[in-house]
Amino acid sequence: MASSSQKGVVITIPVLVLSVSAAAIFLFFLLSSLSSSPCTCPPSTPDSTFTTTAAVVTGGKVVEEVVDRRISVSRDDIEWVKDQIRANGLHMQDNVLRKGINPRTRAQQLEDLNNFKGISHYEGSEANNHTALPCPGELLVEEHHSNYGEPWAGGRDVFEFLAESSHLTANSRVLEIGCGTLRVGLHFIRYLKPEHFHCLERDELSLMAAFRYELPSQGLLHKRPLIVRGEDMDFAKFGSDVMYDLIYASAVFLHMPDKLVWVGLERLVSRLKPYDGRIFVSHNIKFCSRLGGDECTKRLGSLGLEYLGKPTHDSLLFNHYEIWFEFRRSKA
């Protein structure tokens, strides 16, 4: 009986040790997989949405926070707004003045501002005490929004097309040649980090509209865009160490001598990120095509530029499309 008991102990202990060890190893791997799985599965996001950082103002200071940023609208967005119109039983009405405190056309608003300064206003020195940045009446009634030959809303279409085609992030740097009154630029300024949008513009009235109306009224003064008055494709004031992800000119090269356009491109190539950076030119590239196909390609190649194609984009709100010509820097 005793020997039998001893023999049983000798057999049982190794088996017990091995069983406990195996169970511990299994439990370790099980717990490891359970704890790591939530971290390795990225959250799903809707189409055209990605997570990045955005500059926001908190307590008068610009800080960064992580947000979901969408560039273009989705099909769900379109269906949502159509549903809202249907749910409210809305139909387009004649666009005539409605009842209100003082309904006016833009021309009438401007006349009132010039003659009567508006409905309620401060007189004398009090006007300066209460109005930090007085704006000319012509800008307040947004007459400059009619300077483009097409709806102001088209600026959003251009932004969406260029930003998505260039795969921009909030940290990208953008240069617009001829930003005018910021019809397109406002959207880039809002999207990019502070000081990451640059522009060269020659027209003084456009610059006044940008600085005295558009940026303040859109709450974008804290973004500090670098907008420079200048012409002759002189980019010296933007610094020599800035590398752009996107450089674009919307209907600007049409009004320049071909020789000046080539001077500008030569100066811009070294400021464009190699391979990934993009130059977009709208409408046509007669400055190049007038040379002839082979000579055009050769001239671009001598600058280190490569022509990539002629994409188009549609408008969200009106029946319109726009043609763009795309280039990249083909040499580091």
Side-chain angles (χ1 to χ4, degrees), residues 47-54 69-72 157-179 184-185 187-189 191-200 225-226 228 233-253 256 258 260-289 291-313 322-332:
D47 293 341
S48 303
T49 302
F50 56 92
T51 301
T52 184
T53 59
R69 300 170 68 89
R70 173 180 292 162
I71 294 178
S72 60
D157 301 318
V158 174
F159 161 72
E160 291 182 3
F161 165 74
L162 293 176
E164 292 186 334
S165 297
S166 304
H167 307 289
L168 297 187
T169 68
N171 199 45
S172 299
R173 293 184 180 272
V174 174
L175 169 65
E176 180 175 4
I177 304 169
C179 58
V184 179
H187 302 285
F188 279 107
I189 294 167
Y191 178 78
L192 298 171
K193 287 184 176 181
E195 302 180 1
H196 279 217
F197 177 82
H198 294 178
C199 165
L200 181 68
L226 180 54
V228 174
M233 302 294 264
D234 182 3
F235 305 102
K237 291 183 180 179
F238 297 106
S240 58
D241 57 344
V242 179
M243 297 294 287
Y244 294 106
D245 300 272
L246 168 65
I247 299 171
Y248 70 97
S250 179
V252 173
F253 289 173
M256 289 185 182
D258 291 357
L260 180 58
V261 175
W262 285 109
V263 168
L265 289 175
E266 184 176 2
R267 293 171 177 172
L268 288 171
V269 170
S270 62
R271 298 171 178 266
L272 183 68
K273 287 185 177 180
Y275 311 115
D276 293 330
R278 291 292 185 270
I279 293 178
F280 278 92
V281 178
S282 73
H283 292 78
N284 66 58
I285 51 171
K286 289 184 178 180
F287 67 89
C288 195
S289 60
L291 298 175
D294 292 341
E295 187 61 29
C296 175
T297 302
K298 182 179 178 181
R299 184 80 177 268
L300 290 170
S302 68
L303 298 180
L305 288 175
E306 178 185 2
Y307 172 63
L308 297 179
K310 187 173 70 172
T312 64
H313 74 82
E322 200 158 302
I323 300 172
W324 291 84
F325 296 81
E326 181 180 2
F327 305 87
R328 73 170 181 175
R329 182 179 170 185
S330 58
K331 300 176 182 177

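These numbers were taken from a predicted model, which means no experiment stands behind them.
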Distance col, row F287:CZ vs L260:CG, nearest 0.5 angstrom, shows 11.5 Å
| said: Ring-plane angle category for W324 and Y248, please: parallel below 30°, perpendicular beyond 60°, tilted otherwise. | reply: perpendicular
Of all heavy-atom pairs linking L272 and R329, the shortest is O-NH1, 2.8 Å
In short, S172 meets L192 closest at the heavy-atom pair O-CD2, 3.5 Å
The reported gap from CD1 in I247 to CD1 in I279 (rounded to nearest 0.5 angstrom) is 5.0 Å
Next item on the list: Kindly determine whether C288 and L300 satisfy side chain to side chain contact (heavy atoms under 4.5 Å, CB included), including the steps that lead there.
Entry: CA-CA 8 Å; C288 195; L300 290 170; 4.0 Å; yes
The salt bridge (charged side-chain N to carboxylate O under 4.0 Å, His left out) partners of R173 (sequence neighbours excluded) come to none
Closest non-hydrogen atoms of L200 and D234, given as atom of the first, atom of the second and distance, are CD1-O, 3.8 Å
> Where do L162 and V174 land on the side chain to side chain contact (heavy atoms under 4.5 Å, CB included) test, with the steps shown first?
Replying inline: CA-CA 10 Å; L162 293 176; V174 174; over 6 Å; no
Heavy-atom closest pair (L291 atom, C296 atom, distance to 0.1 Å) is CB-N, 4.2 Å
Sorted by chain and number, sequence neighbours left out, side chain to side chain contact (heavy atoms under 4.5 Å, CB included) with S165 holds for F161, F280
One should read off an interatomic distance between I177 CD1 and C199 SG, to the nearest 0.5 angstrom, of 9.0 Å
Counting only heavy atoms from other residues, nucleotides and ligands, does the tally under 6.0 Å from CD of E295 exceed 12?
yes
query: Does the pair L268 and L175 meet the rule for a side chain to side chain contact (heavy atoms under 4.5 Å, CB included), with working shown?
result: CA-CA 10 Å; L268 288 171; L175 169 65; 3.6 Å; yes
For this session: Measure the shortest side-chain to side-chain distance between L265 and F327 over non-hydrogen atoms and say whether it is less than 4.5 angstrom.
Result: no
The complete set of side-chain hydrogen bond (donor to acceptor under 3.5 Å, both in side chains) pairs with one or both residues in residues 268-288, sequence neighbours excluded, reads D245-K273, R278-E326
(Q) For W262 and R299: C-alpha separation, side-chain torsions, deciding distance, then whether side chain to side chain contact (heavy atoms under 4.5 Å, CB included) applies. (A) CA-CA 9 Å; W262 285 109; R299 184 80 177 268; 3.3 Å; yes
Distance col, row D258:CG vs I285:CD1, nearest 0.5 angstrom, shows 11.0 Å
Q. For the rings on H198 and Y244, is their centre-to-centre separation under 6.0 Å?
A. yes
Is a side-chain N or O of T169 found less than 3.5 angstrom from the main chain of N171, in a donor-acceptor match?
yes
In terms of heavy-atom contacts, G264 and F235 come closest through O-CE1, 4.1 Å
CG (D157) and CD (E322) are apart, to the nearest 0.5 Å, by 8.5 Å
Taken to the nearest 0.5 Å, the spacing of E306 CD from T297 OG1 works out to 10.0 Å
Here the pair of heavy atoms bringing C179 nearest to F197 is CB-CZ, 4.4 Å
- Task: Ignoring hydrogens and angles, tell me if any N or O in the side chain of S330 forms a donor-acceptor pair with the backbone of G304 under 3.5 Å.
- Result: yes
